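This report concerns only the one structure given below.
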Amino acid sequence: MIENYFNYFTEIEDHFQSARGSGLFLLSPLDWALIEAWKTAGVPLEAVLRGIDQAFEKWRKRPARGRVQMINSLAYCAQAVAAEAQALQNGVQAPKKAAAAPFTLEELSAFVAKNTAALRKAEFGELAASLEGLDLPALYGDLEQLEQRLTAIEEKMIAQLRARASEEQLFDARRSLDLDLKPYRSKMSAEQLTMLEKQFLERKLLEASGLPRLSLFYLHP
């Protein structure tokens with residue numbers, strides 16, 4: 001696993017805010033869904049950070065009269081991130097270094113226990129039992145395997161949420177996505193749009209249900 005693996009979200013958020021020159025700028029639900037889409041697709045953190053830099057550099061070189069007033073969404077950087085990811089894939093990759101866990105076993109146990117309780121409260125008893133049954137002391141030494149197990153449980157949870165959701169809920173989520181994404185559609189491929197829509201809808205379903213993400217990416221000691 002690469003360095004900063006579990007800091008994927010915060011590294012991208014901090015880098016975008018720094019490039020924008022506004023530390024108080026808050027990412028939108030669309031931005032978070034896009035980061036989740038990149039993470040799910042396995043886009044390296046380095047590619048995302050480089051893409052953000054390239055997008056801002058290109059924006060700054062444009063005449064003031066012919067450019068957008070300010071970059072207000074990560075979606076503006078989507079093309080540049082895709083290009084940087086492709087460049088890294090085509091180049092010679094440096095060997096990946098093992099990353100030390102940025103949290104203790106006690107913090108991990110508390111995170112899993114909290115999520116188990118949330119699943120039980122939402123009447124996802126079978127999934128709660130699966131989560132509770134993980135051998136955390138053993139898996140703490142292999143966080144990649146633990147992440148895979150948590151992802152499998154999370155995927156089942158989201159599938160059940162989709163099955164429970166009403167047509168009106170899904171329609172409202174898609175309408176919200178369409179409005180947020182409209183200025184940036186031309187900057188994304190069909191594959192990127194499909195993945196972003198999936199992540200955005202999942203995020204909306206989780207927010208509506210009050211259920212947490214189970215991935216280690218969301219463990220913030």
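Residue indices begin at 1 and follow the sequence shown. Just so it is clear, the model here is predicted, and its values are computed rather than measured. Atoms considered below: every heavy atom in the structure, side chains included; atoms not considered: hydrogens, waters and symmetry mates.
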Joint cluster assignment, L205 & M195, ILVMFWY side-chain distance < 4.5 Å
no
Less than 4.5 Å apart, side chain to side chain, heavy atoms only: is that true for Q160 and L127?
yes
Does S166 reach the side chain of L170, with side-chain heavy atoms less than 4.5 Å apart?
no
When you compare the side chain of L108 with that of L146, does any pair of heavy atoms fall below 4.5 Å?
yes
Are any non-hydrogen side-chain atoms of M157 and L206 less than 4.5 angstrom apart?
yes
Would a hydrophobic clustering, with Ile, Leu, Val, Met, Phe, Trp and Tyr connected at side-chain separations under 4.5 Å, put L49 with F217?
yes
Any side-chain heavy atom of K114 sitting closer than 4.5 Å to one from P212?
no
Could you check whether any side-chain N or O of S18 sits under 3.5 Å from a backbone N or O of D14, counting only pairs where one atom can act as donor and the other as acceptor?
no
Gap between atom CG of L131 and atom CZ of R120 - 0.5 Å precision
9.0 Å
Between R149 and Q145, is there a side-chain donor-acceptor contact under 3.5 Å, judged purely by atom types and distance?
yes
Has the side chain of N7 got a donor or acceptor atom that lies under 3.5 Å from a matching backbone atom of T10?
no
Check: L214 main-chain N/O paired with E154 side-chain donor or acceptor under 3.5 Å:
yes
Any donor-acceptor N/O pair, D31 side chain to L74 backbone, under 3.5 Å:
yes
With the side chain counted from C-beta on, respond yes when L143 and F103 share a heavy-atom pair under 4.5 Å apart, and no when they do not.
yes
Would R175 and F200 count as a cation-pi pair here, with the cationic atom under 6.0 angstrom from the ring centre and within 45° of the axis?
no
Check whether any side-chain N or O of S73 sits under 3.5 Å from a backbone N or O of Y76 as a donor-acceptor pair, and report yes or no.
no
Evaluation steps, salt bridge (charged side-chain N to carboxylate O under 4.0 Å, His left out), between R213 and E36:
CA-CA 11 Å; R213 286 282 188 175; E36 286 163 353; 3.3 Å; yes
Counting the benzene-type ring for Trp, do Y218 and F111 have ring centres under 6.0 Å apart?
no
Should I158 and E155 count as side-chain neighbours, where that means a heavy-atom distance under 4.5 Å?
no
Within a strict 4.5 Å, meaning less than it, do heavy atoms of the I35 and K39 side chains meet?
no
Where the side chain of E147 meets the backbone of L216, is there a donor-acceptor pair that is under 3.5 Å apart?
yes
Hydrophobic cluster membership, with links at side-chain heavy-atom distances under 4.5 Å among I/L/V/M/F/W/Y: are V81 and L193 in one?
yes
For I71, is there any backbone N or O sitting under 3.5 Å from a side-chain donor or acceptor partner on R20?
yes
Does any N or O in the side chain of Q199 come within less than 3.5 Å of the main-chain N or O of L196, such that one atom is a donor and the other an acceptor?
no
Can you tell whether the side chains of K204 and D172 come within less than 4.0 Å, N to carboxylate O?
no
